Amino acid sequence: MNGAGVKAYSKAKDGGKSLSANFKVREFACSDGTDTIFIAPGLVGVLQQIRSHFGKAVTINSGYRTEAKNKAVGGAAYSQHKYGTAADITVSGVTPAEVAHYAETILPNMGGIGLYKTFTHVDVRAVRSRWNSTSGKEIAVKGF
């Protein structure tokens with residue numbers, strides 16, 4: 001379920017292509033308008049599990065990011081968004097903490113889960129990483 005096998009898509013050509021029951025390629029596109037989109041199938045699988053579990057829409061606020069976009073938003077130098085392995089999401093009617101708690105059950109020994117005031121970051125990196133930025137200051141945590 002990690003980032004292995006990341007696939008490249010064209011927003012213009014593949015944007016309407018379904019990746020799972022509830023996610024299409026265009027939802028992962030960089031907001032800077034770039035045509036190329038990188039997406040890890042494992043990430044799609046995790047997001048689909050979250051969608052299925054809550055039975056509510058999952059909105060991808062930020063999926064793939066180009067280097068320039070990542071810098072513009074103050075993303076980490078080695079942000080998983082740049083590799084197509086991360087998404088910042090909201091689930092309709094569900095708190096970011098609830099999403100993080102459920103994501104922990106899917107990714108107990110790997111992946112990144114970051115808790116923010118208005119969204120949850122989920123990624124499928126090979127190593128385990130957890131953080132809480134709800135206070136405005138990021139702190140590492142063991143789990144949710």
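On a predicted model such as this, the values are computed, not experimentally measured, just so you know.
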Any donor-acceptor N/O pair, D123 side chain to T85 backbone, under 3.5 Å
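Checked: no pair found.
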Between [Y] and [X], is there a side-chain donor-acceptor contact under 3.5 Å, judged purely by atom types and distance?
| X | Y | value |
| --- | --- | --- |
| N132 | T134 | yes |
| S52 | Q49 | no |
| T66 | K82 | no |

Regarding E27 and K11, does a basic nitrogen lie under 4.0 Å from an acidic carboxylate oxygen?
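No, E27 and K11 are not salt-bridged.
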When you check the gap from the basic side-chain N to the acidic O, do D88 and R65 get nearer than 4.0 Å?
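Judged by the 4.0 Å cut-off on N to carboxylate O distance, D88 and R65 do form a salt bridge.
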Give, for atom [atom1] of [X] and atom [atom2] of [Y], the distance between the pair rounded to the nearest 0.5 Å.
| X | Y | atom1 | atom2 | answer |
| --- | --- | --- | --- | --- |
| K69 | S79 | NZ | OG | 12.5 Å |
| Q80 | S129 | CD | OG | 8.5 Å |
| N70 | H81 | CG | NE2 | 7.5 Å |
| R26 | L19 | CZ | CG | 10.5 Å |
| L115 | W131 | CG | CH2 | 10.5 Å |
| L107 | R128 | CG | CZ | 9.5 Å |

So, for [X] and [Y], which heavy atoms are closest and what is the spacing to 0.1 Å?
| X | Y | answer |
| --- | --- | --- |
| L43 | G84 | CD2-O, 3.9 Å |
| A103 | V122 | CB-CG2, 4.4 Å |
| K7 | P41 | CE-CG, 4.1 Å |
| S10 | D35 | OG-OD2, 2.8 Å |
| A29 | I37 | CB-CD1, 3.6 Å |
| V124 | V46 | CG1-CG2, 3.9 Å |

With the side chain counted from C-beta on, respond yes when [X] and [Y] share a heavy-atom pair under 4.5 Å apart, and no when they do not.
| X | Y | answer |
| --- | --- | --- |
| V6 | I39 | no |
| V127 | M110 | no |
| T36 | Y9 | no |
| V58 | N22 | no |
| I89 | N61 | no |

Start with the C-alpha distance between S92 and K56, add both sets of side-chain angles, then the distance that settles side-chain hydrogen bond (donor to acceptor under 3.5 Å, both in side chains), and finish with yes or no.
CA-CA 6 Å; S92 180; K56 298 181 177 187; over 6 Å; no
Ring center gap for Y64 and F28 short of 6.0 angstrom:
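Centroid separation for Y64 and F28: 6.0 Å or greater.
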What about F38 and Y83, are their ring centers closer than 6.0 Å?
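F38 vs Y83: aromatic centres not under 6.0 Å.
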Evaluate F23 against I60 for side-chain contact (heavy atoms from CB on, under 4.5 Å), listing each step before the verdict.
CA-CA 10 Å; F23 294 97; I60 300 171; 4.0 Å; yes
